[in-house]
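Note that these values count all heavy atoms, side chains included, but never hydrogens, waters or copies made by symmetry.
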Amino acid sequence: MKGMTIIVKTITRWVKLFIFLFGIYVTLTGHLSPGGGFAGGVILACSFILLTLAYGKEYALSRLSLKTAKSLDSIGALIFLLTALIGMWVTNVFFDNVLQKLFPGTDFMLYSSGFIPLYNIGICLKVGAPLFVTFIVMAAMRIRINDKGEREIIQEEEEE
Amino acid sequence: MMNSILPLFVAIPLGASFLIALVSRKRKLPADIIANLSTLSLLVLSIIIFQARGVYKIGGWLPPAGINWVLDGFSNLFLVIINLISICATVFSIKYMKHYTGVYKYYSLFLLMTAGMNGVVLTGDMFNLFVFLEIASIASYALVAFGGEHEELEASFKYLVLGSLGSILILLGIALVYGMTGYLNMASISKAISSSGIGQVHIFAALLFITGFGIKAALVPFHSWLPDAHPSAPAPISAMLSGVLIKAIGIYSLIRIFFNVFGMNSIFGGMLIGIGILSMVIGVFLAVGQWDLKRLLAYHSISQMGYVILGIGLGGFIIANGGSLIVASLAFLGGLFHLLNHSVFKSLLFLCSGSIENATGTRQLKEMGGLLKKMPVTGTTCTIASLSIAGVPPFNGFWSKLIIVIAAMQAGYYIIGFVTILVSFVTLVSFLKVMRYSLWGPVSGILANVKESPVLMVLPLVLLALLCIGMGVIALPGVTEVVLKPAIEVLVRGAEYAGYVFSQL
Amino acid sequence: MVFALCFVLFLTGLYCILTKKNTVKIIIGLSIMEAGVNLFLVLLGYKNDGVVPIIDRSTDIVHFLAYSVDPLPQALVLTSIVIGLGTIALGIALCMRLYVKYGTFDIAEIRRLKG
């Protein structure tokens, strides 16, 4: 994949950062306004997918390699689980929002709901990274015919 | 004690699953260690809380707004079964999965599936049940395709389409129930339904649930994916799928919803009996003609699930018709005991088939022969499991089948009892064929160099075989009170579920 | 009336699964069915003249309580959309793998398993 025309590349260069920041904004204010981890994660993944479409796969993968994306996926899930377990450790209740009970914030402020932004960050990583990986793996799959006349997948990424 | 342990049943396997995906991508050893430790700890925990009862509020939110988990005798029984078979399967996997690539993905999915099943049996909330059910199902679709060859992919595709169809029907049923009652909490729904009575929409939802969970449990009109999917998976996964997955996400949910949420009546009971007999008879007759060992075992899973549903449906039918409670609890005892036995001997059989396949490289019965001499431990355990599933006296399968027959006879349904005995004979014939071709007889030429499987593969086989011999004890009066009686109570007093949950809050 | 349309969508998906021979089309049928159920679920929470169930600084609580739509089905639908996404991604991945192995998307030709 070589990428698209100069027009697309230029515009992508301008908007990619804004899309990325918007994704972070949606994630972090998920407890105040519509959005949250899932939507934010999808927007973040979209910014990388836009890079892939405009500049080609190699460029996007040089920014976020598949290996990193897969690790982020697991890290997101572990963040979610650990925050849930903190509640269990402190008050013996799974998913207890301990932070909110100990340090209640003011309503409608960024810090107002304890662990919920942390959950959103976990979900954001968990949704965004696999979406990007899925897109890359599916869109960039190539098939070749090997010597025996069988079809086989060209292994794009040498994964040991 | 319960409060500090219960969430771990989902948290440990989920955490271990993502941890394996994170740290163990290059080497296999950490994945082996983490997976085995987590399943071992789950088994220990499930035994520790076997006597505990109670309701757990996730995040401290009260139902009906919050999600609650309910631990009663029925859930406890399933927790022990699931985690017992998981540990056997993971120990078996250490050597068996040696030749596959990407073993960390296998363990990761395996633990996700375990987390899903543990969640399904613990939860007291309809939508939470759906979510856990989907976690377990999606992991199992991927595990069936794990080999990546022609047959595996085809079977997995078939399983995925039918399985998702079942999930969508279940979701529609949940949506209808939510629309009718305004609750998602099982106890609240149960209370609402018992005060409003069962209307047409409830019956429609019930039919959707029977179809959806019937697909998940591979009961007969919906069974066509099972004989493809279960043999295609790697052997430990076949053992998990046949041994616990169809029970945990199919039979368990079906029973929980019909006995505790909708309340049992004679129409539902009759339907369960009908489906049970159909599964029993059709499954076993399809099994007789098979020559592929794992495919034969898969058909027997359908047939044996028929026994379970028959026993439980019979009990429900007797109670709904105002029959004697003693006979009904006998039928429940038979059904649940058979469920317990089936998960032990069927996983043993699938693990044996994996051990045989690993050593000989074939699954076709006609190419085997004389394995009892070549692989003494696998051969012996396989014999024990075969006799057990066929219902030969000293082994566990005999006692549970006997109890179902006695219950049917005492309730006056002689035809059902007769059919049950007939199916048992056909099962015996089918497994005599397995033993005749694979275990006994002369050693066929190509198998001359076959050796016994390594110790780590044999260990779970021996453990399960000992359970097969010893589990007949559970039918004895003193032991039943401890092991199966709490689960039977949940079924006999199905309508009291809501009161129980609210009293525990 | 609206519920009937959801059911039509559901049946369209079912028809697609039952009659189409192309593996990708079967997966599309699944996603149509799921869309029908999700639509049904989210419509269950609908109220006439309803307001969005989000409390803001300027929200009048009394009016909000009387007119806000039921937020629970929306949460459920979000969850079930995510689950559907997972299923469909897995399904499409399987279709691609099947194409690699069999060289076709036609389920009539993908039949090695019998009996």
Working for side chain to side chain contact (heavy atoms under 4.5 Å, CB included), residues C:L72 and B:Y178
CA-CA 10 Å; C:L72 189 61; B:Y178 179 71; 3.6 Å; yes
Polar side-chain atom of B:H150 near backbone of C:K101 as donor-acceptor pair, under 3.5 Å:
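Confirmed, B:H150 side chain pairs with C:K101 backbone.
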Contact between [X] and [Y] at the side-chain level, heavy atoms closer than 4.5 Å - yes or no?
X	Y	value
C:Y102	B:E154	yes
C:L76	B:L184	yes
C:I27	B:L160	yes
C:F40	B:L176	yes

Checking C:I26 against chain B: side chain, backbone, both or neither under 4.5 Å from a heavy atom?
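Only the side chain of C:I26 comes within 4.5 Å of chain B.
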Point-to-point distance, once rounded to the nearest 0.5 Å, from [atom1] of [X] to [atom2] of [Y]:
X	Y	atom1	atom2	result
B:S137	C:L90	OG	CG	11.0 Å
B:S164	C:M33	OG	CE	9.5 Å
B:L153	C:M96	CG	CE	12.0 Å

Please check if the number of heavy atoms outside [X] that lie under 6.0 Å from its [atom1] is greater than 12.
X	atom1	value
B:K191	NZ	no
C:K47	NZ	yes
C:F3	CZ	yes
C:K25	NZ	no
B:W291	CH2	yes
C:Y67	OH	no

Chain B: which of C:L41, C:L98, C:I17, C:I107 shares the most heavy-atom pairs with it under 4.5 Å?
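The candidate making the most pairs under 4.5 Å is C:L98.
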Heavy-atom proximity to chain C below 4.5 Å, by part of [X]:
X	answer
B:A65	neither
B:I135	neither
B:L286	neither
B:F127	side chain

Please evaluate residues B:L171 and C:I83 with respect to the criterion side chain to side chain contact (heavy atoms under 4.5 Å, CB included), reporting the C-alpha separation (whole Å), side-chain torsions for both, the decisive distance (0.1 Å), and the verdict.
CA-CA 11 Å; B:L171 184 61; C:I83 291 171; over 6 Å; no
Give the member of B:E151, B:K158, B:E149 that has the highest number of heavy-atom pairs under 4.5 Å with chain C.
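Of the options given, most contacts go to B:E151.
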Which of the residues B:L169, B:I174, B:D292, B:I168 is involved in the greatest number of heavy-atom pairs with chain C at under 4.5 angstrom?
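Winner by heavy-atom pair count: B:I168.
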Please find the pair of heavy atoms, one from C:L94 and one from B:A145, that lie closest to each other, and give the distance.
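For C:L94 and B:A145, the tightest heavy-atom pair comes out as CD2-CB, 3.8 Å.
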